[in-house]
Protein chains: 2
Amino acid sequence: MARTNPAHRRITLHDVAQFCGVSYQTVSRVVNNNPHVSKETRRRVLRAIKELNYQPNHVARSLVTRRSNLLEVITFGSNHYGPSQMVAHVEQAARQQGYNLILTNISHMSLDEIRAAINSLSGRLVDGLIMITPVKGVEYDELADLCDGIPFVMIDTQLGSTTPSVVINQWYGSQLATQHLIDLGHRAICEISGPLNWHGAVARHESWRATLAAAGISPGQSAEGDWTAVGGYQAAVRLIESRAHFTALVAGNDQMALGAMRALREAGLRVPQDVSVVGFDDIPEAVCFEPPLTTIRQDFDLLGSQSVEYLLDLMKRPDTPLQQRVLYPTLIERQSTLPLS
Amino acid sequence: MARTNPAHRRITLHDVAQFCGVSYQTVSRVVNNNPHVSKETRRRVLRAIKELNYQPNHVARSLVTRRSNLLEVITFGSNHYGPSQMVAHVEQAARQQGYNLILTNISHMSLDEIRAAINSLSGRLVDGLIMITPVKGVEYDELADLCDGIPFVMIDTQLGSTTPSVVINQWYGSQLATQHLIDLGHRAICEISGPLNWHGAVARHESWRATLAAAGISPGQSAEGDWTAVGGYQAAVRLIESRAHFTALVAGNDQMALGAMRALREAGLRVPQDVSVVGFDDIPEAVCFEPPLTTIRQDFDLLGSQSVEYLLDLMKRPDTPLQQRVLYPTLIERQSTLPLS
DNA sequence: ATCTTATTTGTGAACCTTCACACTCAATAG
DNA sequence: CTATTGAGTGTGAAGGTTCACAAATAAGAT
């Protein structure tokens, strides 16, 4: 097998060129599939490349082409199911398109943190940027300013904004959930929302209210959770202790639904006989909850590939219109909801 | 505010140098905190840098220094809880040390896939590599060959191998789980294992057998799952349908424990009164399971920081001994286990 | 045979840094 | 008063590639 040189100096274009008696430019042409090279020469060069185990130096190439084949994703809250799914699928899509991905997870969503993340990359020449910004406090203009010309798209940002972004319509999802309960005859419908500094949490929360209002129903109580099961448990406990009467519960995500169901059970309430519960996300475990959870499914796979696709468009044709692309979630009915008896 | 130049040409050392009438080398010295520059000059240069919004070009720097401040993590199965936690914590640790992280998630764990992942990066000059290789089929020697000099550490590889790696002792974890059940008086202890092409699954499986054997107990039946809740459910169904008698169940992870508990309940068996169940991982939701799950906690945070730390050692001092660093999990007792009545 | 034209190959510069070294100038030592 | 040091600064090269262009060769047209 072709082993590398012991001196541990990387093989360069020049080495290959010398090896088969052509100029480095010719080798470069072969490497880049330039048609202006004779069949015979190409064959010889190709063999030399293999023989010497030549690997083009991306760094040198980037220096002159000003492109790196590198995308960056800046994410917040990637310990939560949604963001982590987004990252995973973005990575997959990027790799399919021949790009590598730099991952930066920031722990406090502030402009300063984002600035730091971008700056730490700024000299690094990433070709494009995907930002997963599920919480409030970051405006498009500031970001555009920060990125200074490098194309970017946002994921999971505010619905209805005109920034280049791909989002799942959370409003619609929560409407599906709430309407489902209304259709089952429920009228006393409480909510456990996500943290209200998250766009998605606000959208789901307001849609819950609006959907009830549209049906002429006054909303039940709402308690704010933190996306975790424990947070959902505590929120449900607060709801129960406030002596609110309700026959149905909309949870901001599946984990909180899990915690809520635990709290309900501890309070002697049966799900779904006494209280119907619907979650959000359709995490893989939801089908095995006790009882299996009715929930809203989001297509994170599509979200990832759409974002990367959009970003690549933006990179290739800077005149690509800036828009928000919107995906729609679906309702998954299981056994945690029941018609009001 | 200092906006960038309209011509969209990046500001370079030369621009800054010209701007304040010194040589580019002096500017370079200021940027790199070289002490050999007078106080007054440094001040002037610093102001010019700010004024022009100069950002050092990482690519050009890398070309000459042959270092990139870039780490890569190649991972398999990052849709599972363990691997995804590892990635998250590795990223965090890397960033704390001033490194950026390239993430590559491969879908089929084979040498070919790994080769492709490494090759796609090979010219990219990553300073170090972390491989999360929880499944069998990849040998150290091949990997070392592939990496050709760039330092790497493995995570979650086979316990007891002499490759540079950081692992959590899965054997010990499963021993904790099994012994806990034995201590509670259980003698009929079945198991739902993870996929047996995973190192961790094998370790947990064999430790279960060994721990029972050490106590003079013959092992109950074992069914293989796929780490998911549904897989755990199906495995438990097989166990139940085989009419195996058991009073306790060891699950390979928490998700499978969840599925198993669902299957048990459907079969009319109560957890923990009829069957005690113990999981593995201590996912955040486990505390809200019905009932709250006794499980084994792994410290992924420590795992991440240890790996990065070790890798950095390897990078700085190539004579750092190649070893396996081992962390230990702990037992978390909740309500899914009960003394045999 | 000569002039075009097309095809293949080679040369010089550029990308933006850092490194190794040389230079200048002042202060100290002999 | 010259030699030696040392701090501060500048110069040339190198790192490995691509780009724009020039040169050489081959093929075709007049």
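In what follows, chains are A, B, ... by sequence order, proteins preceding strands, each numbered from 1. Since the model is a prediction, treat every value here as computed from it, not as a measurement.
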Test side-chain hydrogen bond (donor to acceptor under 3.5 Å, both in side chains) on B:Thr104 and B:Glu72; report intermediate values, then the result. CA-CA 8 Å; B:Thr104 304; B:Glu72 181 182 11; 2.9 Å; yes
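Looking at B:Asn105 and B:Ser78, their side chains do bring a donor and an acceptor atom within 3.5 Å of each other.
Using a 4.5 Å cut-off on side-chain heavy atoms (C-beta onward), B:Ile74 and B:Leu129 make contact. Looking at B:Phe76 and B:Val135, their side chains come closer than 4.5 Å, going by heavy atoms from C-beta outward. Between A:Val45 and A:Val22 there is a side-chain heavy-atom pair separated by less than 4.5 Å. Counting heavy atoms from C-beta on, the side chains of B:Leu103 and B:Thr75 come closer than 4.5 Å.
Taking atom CG of residue A:Asn32 and atom C1' of nucleotide D:dA20, one finds them 15 Å apart after rounding to whole Å. Taking atom CG of A:Asp15 as the reference point, atom P of D:dT17 lies 9 Å away to the nearest angstrom. Atom CG in A:Asn33 sits about 12 Å away from atom P in D:dT18, given to the nearest Å. A:Leu63 places its CG atom 13 Å from the C1' atom of C:dT18, with the value rounded to the nearest Å. In this structure, B:Asn57 places its CG atom 10 Å from P of C:dT18, rounding to the nearest Å. Atom CZ in B:Arg67 sits roughly 16 Å away from atom P in C:dT17 (whole-Å rounding). Rounded to whole angstrom, the span from the CG atom of A:Asn34 across to the C1' atom of D:dT17 amounts to 15 Å. Straight-line distance from the CZ atom of B:Arg61 to the P atom of C:dC19: 10 Å, rounded to whole Å.
End-to-end axis angle of the helix from C:dA1-D:dT30 to C:dG30-D:dC1, using five pairs per end and rounding to 10°, comes to 60°.
Between A:Arg66 and C:dC16, a side-chain N or O to OP1/OP2 separation shorter than 4.0 Å is present.
Ring geometry for A:Trp198 against A:His80 counts as perpendicular: the plane angle is over 60°, on a 0 to 90° scale with 30° as the lower cut.
Ring centroid separation for the pair A:Phe300 and A:His89 does not come in under the 6.0 Å cut-off.
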If the sugar-phosphate is the primed atoms plus P, OP1 and OP2 and the base is the rest, what is the B/S/- string for nucleotides 7-13 of chain C, using protein heavy atoms under 4.0 Å? -BBBBB-
